[in-house]
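Chain naming here is simple, since letters A, B, ... match the order of the sequence lines and numbering starts at 1 in each. In this text, all values refer to a predicted model and were calculated from it rather than measured experimentally.
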Amino acid sequence: MSSYETLNTPQQEAVLHTEGPLLILAGAGSGKTRVLTHRIAWMIESGINPYNILAITFTNKAADEMRQRVDRIVGMGSEAVWVSTFHSACVRILRRHIDYIGYDNHFAIYDTDDQKTVIKEVCRRLYIDTKLFKEKALMSDISHFKDQLLTPDDVETSAFDHNERKIAAVYREYQSQLRKNNALDFDDLIMKTVELFEKHPQVLDYYQERFRYIMVDEYQDTNFAQFRLVSLLSGKYRNLCVVGDDDQSIYSFRGADVRNILEFENVFPDARVIRLEQNYRSTKNILEAANNVIANNTERKEKRLWTENEEGEKIHFRQFATGFEEAEYVVGEIDHLHRAAGRDYRDFAILYRTNAQSRIFEEKLLMAGIPYKLVGGINFYSRKEIKDLLAYLRTIDNARDDVSVRRILNVPRRGIGDTTQARIQEYAGEMDMSFFDALRVAEEIPAVKRSLSKIDSFVTFIMALRTKAEILTVRELLQDVIDSTGYALELEKENTEESKARLENIDELITKVQVYQDQMKEQGQKATLSGFLEEVALVADIDTVDAESDYILLMTLHSAKGLEFPHVFITGMEDGIFPGGNPLFRSDEDNSLQEERRLMYVGLTRGMKNVTLTCARQRMLRGEVKFHNVSMFVREIPRELVDLGYTVQEKKPDRDKLLQGDNTYSKMKAAFLSKPFMQQEQPRPAVPVKNASALEYSVGDTVRHVKFGVGIVTEIREGGRDYEVTVNFDRFGVKKMFAGFAKLKKI
DNA sequence: CGTAGTTTTGTTTTT
DNA sequence: CAAAACTACG
């Protein structure tokens, strides 16, 4: 096939090397996805059964894309290839075989929220003071144990002080609670799969036969458990191909161990090693900057990325007085490039170190009427109303899921309060039965006599739903839950901004169920309740980003891994924010600093055409004004590669006043919100603004807005260079906006 | 039992 | 500054 000729020499080598262990050291933007897809295509073409191929990607989105690209090359056959994330692959395996290690195949998957609920319960049972042992810390401890495949016994044995024994006890009890609830957490998905394989060689053998060819992407971010899993699976045929870049290892906080990639050659002495060092993505300047930054790290495989691309623009660096001005600049700049240079919104990404930094950009973008998508932060599925409804579905699906049953027992209010719940819980514990079973026999519990009728009707209600679940589709079932609980009705009555947003989320959930059903139908599979819940548990926010929609992406540097954009803004380039953490514990030998630097490297190498770094002298952090120095990473870029533009712009007097002394965050916010967002400090070509007569709408007209939907124009006022239009939106109420930005369409 | 009002706590990063 | 966790009251 001629398409292989478009690959460079090492890329071709990687594609053609299908037998035996292979390590591909793929620098940023070196076309590794192309290599992986072509490699799968080549294998299929050369007669390998696609059924025998397993490809592990980092996100579901990457998995989908890979499958599509393979399809494009080979046409048919790719649907038989298993392309999925570690977690999805493990769920599929466990659904089939987890009964071998004493779990029910109908297990629930607990997210961070659920885990916390369990941990709290565990601490209460063990009389552990959560002031001394923070739930969050315990959770991360347990997570790390599991990353290392340590059982409660292991932890117990190696504990050498009181604290560690305590933690081991929590771990033990936590596991026993999960088992009782027939639930697994994220880390269990991997660990239990390993356990299954180790305890049941015949099951392992089955999968070894099945997956004769294995590929793992982003190998630098695998942890010990994942390493073990991959080793087991590939143990028989040894056709293991791993792809990664040690310079992009940014997940050590969740147990990722760079040694997996650094020591691959030691584990597999006969491994072929191929380096991909030609970069096809970025300009020379961007690459040069990235190379110089990462060169400050000591623990790395030396490599030299190069490109034939043009030199391009310098790295732009801009410092501002405040975070507000920073955001204003970034948004103004994007708006400018969009209008003047005709760049699509999808060409831009605004990146930051922590999710909390996104808000200010959201505000400015909203004001400017620029469409954006926020990736990460509070997950859609962790919103209260969504979790409530899902808890119903989970209760229907898995009767032993106590966390879900308890969540919905009194939602909507049924007059079954905390005391009653605690008593039932106690009884269930004593009798060693599930919470729901305790509810069913509530008449045996003398302490809850008063609520007995309420409990009975709850039990009947759930049982009825469970019966319905057998005949209804998932969507119909969800609709039934929404109707019969009166959940939506209650929110409608409330009729506040918040309740409206919640109703919208519920609508979105219904849409998601529908999408799932359609998808399953398309693939000729059965849409099941468990299947939907599983999908819900394992989607990352980034998976919902689609290439078609034209919006700016806002996300953390972590989420940006694997993506590329013509224009990248890395914001908050301040010491203490990025690199974050405690400066006292930061030295060059410190691994955490090196990881931050790799994060910077990832950020820079996302850029294709240009990268802008921004920072602010002072910014609001946790409600107080903080002063920061410019990030050390900015200084690590050679001076001649950086365009400094101007530093702090001349400020207007009224703004000066705003920034002084006693001004609170909200005052500043109010002041900025009431201002036209665009008061550009930098001279720029005048933006053509329509005058009132040129506006295609006038007072009384119905218009459509990208974000707010349909509304009626109630006022048009002259305001500086632009016109201020007041619109009463059907769903969002009255909003004021500037005609130049809002792009209102008369309908 | 439910609510409103008060206090405390928190920032990495995510499947 | 917010969200979460507590507390006290009707």
Check: [Y] and [X] side chains under 4.5 Å, non-hydrogen atoms:
| X | Y | value |
| --- | --- | --- |
| A/H558 | A/R353 | yes |
| A/V242 | A/M215 | no |
| A/N297 | A/I294 | yes |

Whether A/H97 and A/Y207 hold their rings parallel, tilted or perpendicular, with breakpoints at 30° and 60°: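 Ring orientation of A/H97 relative to A/Y207: perpendicular.
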Spacing of the P atoms in B/dT13 and C/dA4 (rounded, Å):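 Taking atom P in both C/dA4 and B/dT13, they lie 15 Å apart.
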Interatomic distance at P, B/dT11 relative to C/dC6, whole Å: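 These two P atoms come out 15 Å apart once rounded.
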Return the value, rounded to whole Å, for the distance between atom [atom1] of [X] and atom [atom2] of [N].
| X | N | atom1 | atom2 | result |
| --- | --- | --- | --- | --- |
| A/K387 | C/dA3 | NZ | P | 18 Å |
| A/R414 | B/dG2 | CZ | P | 11 Å |
| A/R124 | C/dA5 | CZ | P | 13 Å |
| A/E363 | C/dA2 | CD | C1' | 13 Å |

Sugar-phosphate only, base, or nothing, as touched by A/N410 at under 4.0 Å among non-hydrogen atoms: sugar-phosphate
Sugar-phosphate, base or nothing in reach of A/K626, heavy atoms under 4.0 Å: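 Touches nothing.
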Grab the N/O contacts between the protein and nucleotides 8-10 of chain C below 3.5 Å, and write none if there aren't any.
none

Candidate list A/E574, A/Q357, A/H628, test side-chain hydrogen bond (donor to acceptor under 3.5 Å, both in side chains), partner A/R619, passing option: A/E574
Partner nucleotide, any strand, of B/dT9 [Watson-Crick/G-U, under 3.5 Å]: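 Answer to the pairing question: C/dA2, which forms a Watson-Crick or G-U pair with B/dT9.
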Over 12 foreign heavy atoms within 6.0 Å of CZ, A/R259: no
C/dC1 OP1/OP2 closer than 4.0 Å to side-chain N/O of A/R359: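 No, because none of the side-chain N or O atoms of A/R359 sits under 4.0 Å from OP1 or OP2 of C/dC1.
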Test log, rule salt bridge (charged side-chain N to carboxylate O under 4.0 Å, His left out), inputs A/E595 and A/R598: CA-CA 5 Å; A/E595 178 143 327; A/R598 290 193 289 268; 3.2 Å; yes
Intermediate values then yes/no, ring pair (Phe, Tyr, Trp, His ring centres under 6.0 Å), A/Y219 and A/F58: CA-CA 9 Å; A/Y219 193 64; A/F58 202 65; over 10 Å; no
Electrostatic pair A/K61-A/D546, nearest N-O below 4.0 angstrom: no
Contact state string [nucleotides 9-15 of chain B, B base, S sugar-phosphate only, - no protein heavy atom under 4.0 Å]: SBSBBBB
